[in-house]
Amino acid sequence: MKLIVCEKDLAARRIADILSGGTNWEEKSHTIPIYKFSQSGEEFRILGLKGHILQVDYPEEYNNWRKVEPRELIFKQLVKVPINKNVINALKKAARDAHSAIIATDFDREGELIGMDAVGVIREVNPGLEIKRARYSAITRSEIQQTFQNLEEPYEHLAEAGRARQEIDLIWGAVLTRFISLTSTRLWDNFLSVGRVQSPTLVLLVQRELEIRDFKPTPYWQIKVRLKDGGEEFEAFHKTRRFLRKEEAEEVFARLGEEGLVTSIREVERKKAPPAPMNTTVLLSSAAKLGLSPASAMNIAEGLYMRGLISYPRVDNTVFPPSIDIRGVLLTLKASPQFRKMAEELIASKRFVPTRGKKQSTDHPPIYPTDGASKEKLSPQEWKVYELVTRHFLATLAEEALQMTMQVDIDISGEPFYISGSRIVREGWLRYLPYFKSADVILPQLKEGEKVQVLNKEILAKETQPPPRYTQGRLVEKMEELGLGTKSTRHSIIKSLYDRGYVVGNPLVPRETGIAVASTLIKHAQKISSPEMTAELEQDMDRIVEGLHQKDQVVGRSREMLDEIMEVMEKEREEIAADIRNGVREDEVVGKCRTCGKDLRIKRARKSRKRFVGCSGYPQCTEAYPLPQKGKIRSTDEVCPDCGTLRITVINKGRRPWKLCLDPECPTKKELVGSGRKSKRGEN
DNA sequence: GCAAGGTC
């Protein structure tokens with residue numbers, strides 16, 4: 001029996017179909033599907049893993065954070081532990097009966113690592129097994145058939161590069177996470193984390209926040225006039241969009257007479273190209289514009305993919321391979337009542353060539369609908385994502401949109417004014433993807449040389465605005481630009497910043513705890529506060545792949561570097577502890593006290609160690625409220641209209657966050673507590 | 001209870 005090991009069930013199923021010509025059947029082993037078939041007297045079994053099967057970890061004796069100095073962890077031996085017992089058992093069982101195995105995981109760094117981990121498990125039960133590697137970059141009939149006739153050897157170096165990443169990420173993550181959590185005594189539910197990807201992402205947000213806080217607005221002035229042409233009234237602005245001196249604006253203002261002259265009208269037709277095909281980043285950033293967090297958009301997309309409604313959602317590629325039958329996709333979309341007409345239109349106009357994006361890879365096609373769904377059969381959020389994917393796909397087939405833009409120049413007493421407008425003259429792809437369509441600005445019918453009447457003039461005092469905060473959608477894009485995280489992890493990295501209490505809201509606003517942690521890392525562990533650590537790791541991994549470096553050299557150097565950082569951080573322990581505690585303390589403020597106006601904050605009772613909300617004016621002010629003893633507490637700026645006390649959010653693991661009035665006697669309390677029933681999926 | 005990377 002030949003055993004073929006794939007990275008995921010989808011690949012196993014499709015490869016089985018191709019190699020067997022559709023004669024394979026499915027059996028379950030330890031709940032894992034295995035595809036079987038026979039060919040020229042040989043029996044085949046194809047097994048799909050669920051991604052990584054092992055993870056690196058510290059041996060159990062180091063589990064207690066308080067009993068181990070974080071710095072000691074740096075040079076400790078790491079172990080690998082199974083992630084999913086069913087997968088391992090199914091793999092072992094199949095390996096026992098096999099006389100050879102073929103590793104057919106994705107051909108990339110993590111895929112090779114997954115494959116080599118599988119080889120390790122296989123060898124435990126069947127040491128002499130012959131092992132080959134099937135290298136393919138797309139699951140198409142021709143490529144799979146060819147690949148399996150030209151098997152290769154495993155790429156040990158590639159897997160080693162993956163191991164280096166695993167080890168470095170765990171060592172830096174564990175040591176620094178424990179160190180800052182222990183020094184600031186933020187433990188268990190409230191621990192503070194540090195990581196190669198999450199920390200530079202947090203720093204990005206914090207630096208923007210500090211820029212906003214430091215921002216000094218510059219005043220400027222605009223001149224606006226109200227004009228009349230025949231019956232129509234309209235507004236025009238002075239061409240000096242920003243007068244930096246008020247006097248200057250006033251001088252111009254004083255000169256303006258009661259009549260203006262249309263000096264020129266320019267019309268320009270602009271082409272708006274349809275979007276490139278959708279990859280994960282585009283899916284997440286578009287979904288964010290529709291109000292879905294990247295984490296829930298990804299979750300929902302995963303579910304739609306599992307139900308066969310959209311293609312694989314984790315992809316960088318933005319170029320459709322020729323193997324995708326675009327016309328066929330449109331035909332299946334006719335099964336959707338909501339999209340039947342649009343699909344028919346595109347079929348009738350024979351538009352079967354999609355746009356091409358800049359990122360081309362062959363592992364998966366861009367995200368597209370694989371079946372026609374109907375709105376009634378999906379939840380509102382599922383429909384939102386399905387609709388987005390489908391509309392985006394249709395847009396990539398449609399013709400470009402045309403927008404007419406107009407600028408009219410008007411002279412008033414020698415001063416230049418303008419009005420500008422635009423309108424869509426051909427909808428093209430915007431018809432399918434109307435979410436982000438800009439509204440038309442229609443101008444009055446004017447002619448060059450025409451006179452207009454000045455009805456009114458006005459000086460507007462304005463100020464320059466600080467840079468905007470990152471929205472979740474923009475952050476996903478920025479992370480991709482900086483090389484932080486991957487298509488599969490960015491959404492979860494962002495979610496963990498919320499879970500740690502580093503940020504709130506969308507756009508993301510850092511809390512004081514997040515600012516304190518970021519500032520500490522910038523100051524004392526610069527390395528892990530910037531995207532450069534990832535960039536350098538990538539270079540080191542390339543050298544491992546080329547055989548120029550060994551994994552242990554790279555990890556060893558990284559350990560030394562961390563040790564030097566930790567030596568300094570240990571010396572500065574008191575200062576670091578104070579900085580982070582100050583940040584944490586500020587976030588413990590729930591709001592203002594109703595009685596005395598001072599801060600209400602989360603405190604702990606001396607004797608019982610139970611937490612409660614008390615007034616910082618104690619003992620003069622004795623305002624106090626009980627708190628649930630479990631779960632994370634976050635303040636809100638809401639005040640209950642019934643009892644008049646502040647509301648807080650309580651977050652318990654695996655449950656939907658619930659809001660609670662501080663006053664335990666509040667009449668609305670029962671209803672609020674009871675609202676945690678409906679769904680596990682919460683929006684941030 | 002640590003990270004980030006796969007995948008469900």
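In what follows, every heavy atom counts, from backbone to side chain, and hydrogens, waters and symmetry copies are set aside. Labels below follow one simple rule: chain letters A, B, ... track the order of the sequence lines, proteins then strands, and each chain is numbered from 1.
One interatomic measurement links the two molecules: CG of A/Asp106 to P of B/dG6, which rounds to 9 Å at whole-angstrom precision. The distance between atom CG of A/Leu521 and atom C1' of B/dC2, rounded to the nearest whole Å, is 14 Å. Nucleotide B/dA3 holds its C1' atom 20 Å from the NZ atom of A/Lys76, rounded to whole Å. Regarding A/Leu73, its CG atom lies at a distance of 9 Å from the C1' atom of B/dC2, rounded to whole Å. Distance A/Leu170 CG to B/dG5 C1': 12 Å, rounded to the nearest Å. The CG-P distance, from A/Asp316 to B/dG6, rounds to 9 Å in whole Å. The interatomic distance linking A/Lys8 (NZ) with B/dC8 (P) rounds to 7 Å, in whole Å. For A/Glu112 and B/dG6, the CD to P distance is 14 Å, given to the nearest whole Å.
Judged by the 6.0 Å distance and 45° axis criteria, A/Arg208 is positioned over the aromatic ring of A/Tyr470.
The side chain of A/Arg178 lies closest to B/dC2 when the candidates are B/dG1, B/dC8, B/dC2. Out of B/dG5, B/dA3, B/dG1, the shortest distance to the side chain of A/Thr486 is found at B/dG5. Closest to the side chain of A/Asn63, from the set B/dC2, B/dA4, B/dT7, is B/dC2. Side-chain proximity of A/Ser193 to B/dG6, B/dA3, B/dT7: nearest is B/dA3. The A/Asp169 side chain lies nearest to B/dA4 when the options are B/dA4, B/dG1, B/dG6.
In this structure, A/Gln166 reaches the bases: a heavy-atom distance under 4.0 Å links it to at least one base atom across the strands shown. Using a 4.0 Å heavy-atom distance criterion, A/Tyr62 is classed as making no nucleic acid contact. Counting any heavy atom pair closer than 4.0 Å across all strands shown, A/Leu187 reaches a base atom. A/Ser488 comes within 4.0 angstrom of a base, heavy atoms only. A/Arg500 comes within 4.0 angstrom of the backbone, heavy atoms only, and of no base. At the heavy-atom level, A/Ile493 lies under 4.0 Å from the strands shown only through sugar-phosphate atoms. Nucleic acid contact for A/Arg196: sugar-phosphate only, since backbone atoms but no base atoms lie under 4.0 Å from a heavy atom of the residue. If you check every strand for non-hydrogen atoms under 4.0 Å, A/Asp189 touches nothing. Within 4.0 Å of A/Gln55, counting heavy atoms only, lies at least one base atom of the nucleic acid. Here A/Gly162 lies out of heavy-atom contact (under 4.0 Å) with every strand. Using a 4.0 Å heavy-atom distance criterion, A/Arg109 is classed as making no nucleic acid contact. A/Val194 comes within 4.0 angstrom of the backbone, heavy atoms only, and of no base.
In this structure, A/Trp65 counts as stacked on the base of B/dG1 under the 5.5 Å centre distance and 30° plane angle limits. For B/dG1, the base is not stacked against the aromatic ring of A/Phe191, per a cut-off of 5.5 Å between centres and 30° between planes.
With 3.5 Å as the limit, one finds no donor-acceptor pair spanning the side chains of A/Ser293 and A/Gln472. Between the side chains of A/Trp383 and A/Gln381, no donor N or O sits under 3.5 Å from an acceptor N or O.
Here A/Ser496 does not reach the OP1 or OP2 of B/dA3: none of its side-chain N or O atoms lies under 4.0 Å away. Side-chain N/O atoms of A/Arg314 include one lying less than 4.0 angstrom from OP1 or OP2 on B/dC8.
Across the interface with DNA chain B, nearest-nucleotide mapping of A/Ile53 and A/Thr177 shows A/Thr177 to be the residue nearer the 5′ end. Each of A/Gly51 and A/Asp57 was assigned the nucleotide of DNA chain B with the nearest heavy atom; the assignment lying further toward the 5' end belongs to A/Asp57.
Taking the six-membered ring for Trp and the full ring otherwise, the centers of A/Tyr35 and A/Phe44 sit at least 6.0 Å from each other.
Here A/Ile580 contributes atom CD1 and A/Leu521 contributes atom CG; the two are 7.5 Å apart, rounded to the nearest 0.5 Å. Atoms OH and OH, from A/Tyr368 and A/Tyr312 in turn, are 14.0 Å apart once rounded to the nearest 0.5 Å.
When atom types are taken as modelled, the side chain of A/Arg559 and the backbone of A/Ile74 share a donor-acceptor pair closer than 3.5 angstrom.
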